Colleague: 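Structure below; questions to follow.
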Protein chains: 2
Amino acid sequence: MRTVPTVYEVARHARVSTATVSRVLSGNDRVRPEYRERVFAAVAELGYVPSGAARDLAARRAGVLGLCFPDLVGDQDIESDAMFWYDEIIRGMERAARRRGYALLIAACHDTDDVDLVTTVAGRCDGLVVLARTVPAPVLERIAGRIPVVMLAGPRTPDEVARVVDHLVVANRAGAFEVTGHLLDVHGYTDVWFIAGPDSPDSAARFEGYQAALTERGLPVAPRPHAISDFTTAGGRRAVAQLLSDGHRPRALVCANDQTALGALTALAGAGLRVPQDVAVTGFDGIQLGQHVRPALTTVAQPMRQLGEKAVSMLEERLADSALASRLIEMPVRVDIRDSCGCSAVP
Amino acid sequence: MRTVPTVYEVARHARVSTATVSRVLSGNDRVRPEYRERVFAAVAELGYVPSGAARDLAARRAGVLGLCFPDLVGDQDIESDAMFWYDEIIRGMERAARRRGYALLIAACHDTDDVDLVTTVAGRCDGLVVLARTVPAPVLERIAGRIPVVMLAGPRTPDEVARVVDHLVVANRAGAFEVTGHLLDVHGYTDVWFIAGPDSPDSAARFEGYQAALTERGLPVAPRPHAISDFTTAGGRRAVAQLLSDGHRPRALVCANDQTALGALTALAGAGLRVPQDVAVTGFDGIQLGQHVRPALTTVAQPMRQLGEKAVSMLEERLADSALASRLIEMPVRVDIRDSCGCSAVP
DNA sequence: CTGAAAGCGCTTACAG
DNA sequence: CTGAAAGCGCTTACAG
């Protein structure tokens, strides 16, 4: 092992105390300019890089925020069906964290056995963002006893861990309500079907919004989704292909998320059906890919950036006041009208 | 502040020493089952989450790997032109790190002033991967004195920091050579142009490969790229639009990366040109988006997964033996033939 | 197999 | 403004 210089070496070299070195390096305190110079010179000469661990331990602050998301990919081919939504969340969080001076510690965790990894993450950061259902409730509760935790997206049950963690969700119901209404009112479709995600509160809330849009217009409402998929592109393709091979021909498909919609696009093309002329399709999330496929995907966009910013500020607020009551905050969504619903003239 | 239990509380509760608690929690050592049970019970009851900082300091190991990439987006609209290649790198690294039991600490860093952030990251991990040119050489050298560093993608100059960090690159030259050869030999195009990225070794190496393919076939070779862009979609679109509005009509475009190629596709469509019938286009990187655009992008795919795995193992090797000579490893690439080169029958 | 105790490398009251 | 010294919460030889 190479020998790494410590504060002591730096202090000796600069002929000051370690306290002074620490002050100079932290930037804030008023230190005699002469000493400051000497410290910087010593740091440069010795190639000093402070130990984060020692610093964190002494200062009780890591300058790091954590993000745990589910490892849906597992050991399979990661390139086959990546979760683009996670990419956007990671990027949004990294950006928000960095703006506030934090680095981001990320880890994909299996719900089941990765308690170690979760603990590794939780023990090393000042606050933690967890995507819904990534971490078992008991583990989450324990972690929340140490650092602030924000759960992103819907919890499995309404009050599970509700008391100890903050929740940040998007307007799933309102978004699905609005995009369904668009298909109904602007395009006049009546035969609009819903392709659900896996058993999740997000998919459920979106289905409710879809139902409400139909109900409000006095249209018949399906008691349950017309197909159930798993939020992946491959799953969406399979689900819709099945529907089609069963002989169904709905006029429009409201999909629980963008990747499901992307899969639907593929399945429809495979069956020789045109989108949106024969079948209209909408998604949910607003992943970037949706702008690039043809037809471009009409969707309900989540405010990725604001989600990250909000999560970070919720963490900071609780860091400042641990007595805060747990909160549930809902962020608005925006319907992005593109081509797949039938709005643009398609060549 | 809530009061967090420590090893001491756990030890007292379990009526064992802190050494025993530590052993039980680290999993390895042989501890009397009875004690083990008591420790687990105490941990559960107290809601104990070990301090990562204390653990790291004592064990001189963080179980965390770092990744620094350039912050190209800055404070502009992140959603306008994200760097998909980074997403893939982040995902690949996270996955590889996790497989070896590490979490990933990520931070986008400005070349100029974010030395603090870089230090925050470097001080908290066991090894660091840096995308080329993210971190100034002097800073990198200093960091390399503390932990192993792997630089991903081409360094600015051949020997800059060469001695202190390992390098991991892909076969830029060979990949460009091969895909250009494909356009030349299989499709018989002769008028093949190169759209470069910014001044970077990667773009330069790809241009060389392109040139070599032409030279080898006795075709005239452009001494410099026909257009210079910046690796972004918007930049690629602008560069190609300019070319077209200047009246140029190359038969094929070899683009320095996928996003440039995506921009080219847009520019060509905007000019009423068909791809690949009027103009063929190829990219470099193999980002997922390339499979989804129409026509699907023919490209040179980087082995994202293997890149991550390799970076992690290089870090581990150097962790095990700090006396290792610095290495330069080149990973192979694979030409992915899709539609934009003209290979598939396009309806 | 187990425990007492030193030590990891910083920061921060506390005096001065 | 500066320094001596305690302390942050773990792990790990070292004895036993």
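Quantities reported herein were computed from a predicted structural model and do not represent experimental measurements.
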Colleague: For B/L57 and C/dA6, what is the distance between atoms CG and C1' respectively, to the nearest whole Å?
Modeller: 13 Å

Colleague: I want to verify a distance call: between D/dG3, C/dT2, D/dG9, whose nearest atom is closest to the A/T20 side chain?
Modeller: D/dG3

Colleague: Between C/dG16 and C/dT12, how far apart are the C1' atoms? Round to whole Å, please.
Modeller: 16 Å

Colleague: Would you say B/D126's side chain and B/G63's backbone share a donor-acceptor pair under 3.5 angstrom?
Modeller: yes

Colleague: Of the nucleotides D/dT2, C/dA4, D/dG9, which one has an atom closest to the side chain of B/A19?
Modeller: C/dA4

Colleague: Does the ring of B/Y35 carry B/R32 above it, NZ/CZ under 6.0 angstrom from centre and within 45° of its axis?
Modeller: yes

Colleague: Go ahead and name the base partner of C/dA4; Watson-Crick or wobble counts if both distances stay under 3.5 Å, otherwise write none.
Modeller: none

Colleague: Considering only C/dC10, C/dT2, D/dG9, which nucleotide approaches the side chain of B/Y35 most closely?
Modeller: C/dT2

Colleague: Charged N to carboxylate O below 4.0 Å: is that the case for A/E94 and A/R91?
Modeller: no

Colleague: What's the OH-C1' distance between B/Y8 and D/dT11, to the nearest Å?
Modeller: 10 Å

Colleague: Nearest whole angstrom, please: distance from the C1' of C/dT11 to the CG of A/D56.
Modeller: 11 Å

Colleague: Expressed in angstrom and rounded to an integer, what is the separation of B/R23 atom CZ from D/dA13 atom P?
Modeller: 10 Å

Colleague: Expressed in angstrom and rounded to an integer, what is the separation of B/E34 atom CD from C/dT2 atom C1'?
Modeller: 13 Å

Colleague: Identify which nucleotide among D/dG9, C/dG3, D/dC10 has an atom closest to any side-chain atom of B/V16, counting heavy atoms from C-beta outward.
Modeller: C/dG3

Colleague: Any donor and acceptor pair, going by atom type alone, linking the side chain of B/R146 with main-chain N or O of A/V49 inside 3.5 Å?
Modeller: yes

Colleague: Out of D/dG3, D/dC10, C/dC1, which has the shortest distance to the side chain of B/R55?
Modeller: D/dC10

Colleague: Within this structure, what is the CZ-to-C1' distance between A/R15 and D/dT2, rounded to whole angstrom?
Modeller: 15 Å

Colleague: Taking atom P of C/dT11 as reference, at what distance in whole Å does atom CZ of A/R60 sit?
Modeller: 13 Å

Colleague: Using atom CG of B/L46 as one end and atom C1' of D/dG9 as the other, report the distance to the nearest whole Å.
Modeller: 15 Å

Colleague: Give the nucleotide from the list C/dT11, C/dC8, C/dA4 with an atom nearest to the side chain of A/S22.
Modeller: C/dT11

Colleague: Suppose we define a pair by two distances each less than 3.5 Å, Watson-Crick or G-U wobble; what does C/dA13 pair with here?
Modeller: none

Colleague: From the set D/dG9, D/dC1, D/dA4, return the single nucleotide nearest to any side-chain atom of A/R32.
Modeller: D/dC1

Colleague: Could you tell me how far D/dC1 sits from D/dA5 if I compare only their P atoms? Round to whole Å.
Modeller: 23 Å

Colleague: Would you indicate which nucleotide in D/dT11, D/dC1, C/dC10 comes nearest to any side-chain atom of A/R30?
Modeller: D/dC1

Colleague: Kindly give the heavy-atom pair with the smallest separation between B/V39 and B/V10, and that separation in Å.
Modeller: O-CG1, 4.3 Å

Colleague: It should be established whether B/S17 places a side-chain nitrogen or oxygen under 4.0 Å from OP1 or OP2 of nucleotide C/dG3.
Modeller: yes

Colleague: Looking only at side chains, do B/S313 and B/E316 share a donor and an acceptor under 3.5 Å apart?
Modeller: no

